[in-house]
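Here the structure is a predicted model, which is why all the values come from computation and not from measurement.
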Amino acid sequence: MKQAIIARFEVVEKDLDSFICLAKEVMPATRKEEGCELYSFSQDVLEPNVIWICEQWASEQALNNHLQASHIRDFLQAIAGISYESVDVRKYEVDSVGTIVPPSSD
C-alpha cells in the first residue's frame, strides 16, 4: 500500500535559512530513491516560517528504506540542531490515488 507523509515544521525565524538549505541538500538523493513517487518541501505563503514536507512512497518498505538511508540519517541529525515552535509529522496509508479535475468556471 502506498504511504504518504505530510509534515509541518514551524521553524524559529533565526533558523529558517539553515533549514531551507538542509532541505535543498537532501532532496536530490531522496528523489532518486527507489519507490519515491513524491518528495517536496514548501514554504507556507501565509506563514513564511512554516515548512511543509509532502512525500509519497510506493510501499511501506520503500518508506522504511528511505528512513534508513544515510542521507536521511544525516539530514535528521542536522535538523535536530534547528529550533522549532512546533513539529507535526503524519503518516497515511493510501489505497488509491487519483486526480481531481477542477470544476469549470462556465
### Query
Should R90 and Y92 be marked as a side-chain contact (heavy atoms from CB on, under 4.5 Å) after you check the CA-CA gap, both sets of side-chain angles, and the distance that decides it?
CA-CA 7 Å; R90 297 178 186 200; Y92 302 86; 3.4 Å; yes
### Query
At their closest point, which heavy atom of G35 faces which heavy atom of A62, and how far apart are they?
CA-CB, 3.9 Å
#### Entry: E60 with K91: basic N within carboxylate O range, under 4.0 Å
yes
### Task
Assign the ring pair F9 / F19 to parallel, tilted or perpendicular, where the plane angle (0 to 90°) is split at 30° and 60°.
tilted
### Message
With a sphere of 6.0 Å drawn around CG of D88, does it hold more than 12 non-hydrogen atoms of other residues, nucleotides or ligands?
### Response
yes
### Query
Does any non-hydrogen side-chain atom of E33 lie less than 4.5 Å from one of I72?
yes
### Message
Would the distance check show the side chain of Q56 and the main-chain N or O of C54 forming a donor-acceptor pair, the cut-off being under 3.5 Å?
### Response
no
### Task
Without swapping roles, check the side chain of Q43 against the backbone of P48 for a donor-acceptor pair under 3.5 Å.
yes
### Connected via hydrophobic side-chain network under 4.5 Å: L76 and L16
yes
### Query
Are V50 and V11 side-chain neighbours, meaning at least one heavy-atom pair lies under 4.5 Å?
no
### Summary
Between R8 and S86, the two heavy atoms sitting closest are NH1-OG, 3.4 Å
### Query
If every non-hydrogen atom of I82 is compared with every non-hydrogen atom of Y84, which pair is closest and at what distance?
O-CE1, 3.2 Å
### Query
Is a side-chain donor-acceptor pair under 3.5 Å present for Q68 with N64?
no
### Query
For the residue pair Y39 and M27, what are the closest heavy atoms and their distance?
O-CE, 3.7 Å
#### Entry: Carboxylate-amine/guanidinium proximity below 4.0 Å for K2 and E37
yes
### Query
For the atom pair CG (L38) and OG1 (T30), what is the distance rounded to the nearest 0.5 Å?
11.5 Å
#### Entry: Same apolar cluster (I L V M F W Y, side chains within < 4.5 Å links), V26/I20
yes
### Exercise: do H71 and E25 side chains pair donor with acceptor under 3.5 Å
no
### Task
Examine V89 and I6 and state if one hydrophobic cluster contains both, with Ile, Leu, Val, Met, Phe, Trp and Tyr joined whenever side-chain heavy atoms are less than 4.5 Å apart.
no
### Message
Are V94 and L63 linked, directly or through intermediate hydrophobic residues, by side-chain heavy-atom contacts shorter than 4.5 Å (ILVMFWY only)?
### Response
no
### Summary
Heavy-atom closest pair (R31 atom, C36 atom, distance to 0.1 Å) is CA-SG, 4.0 Å
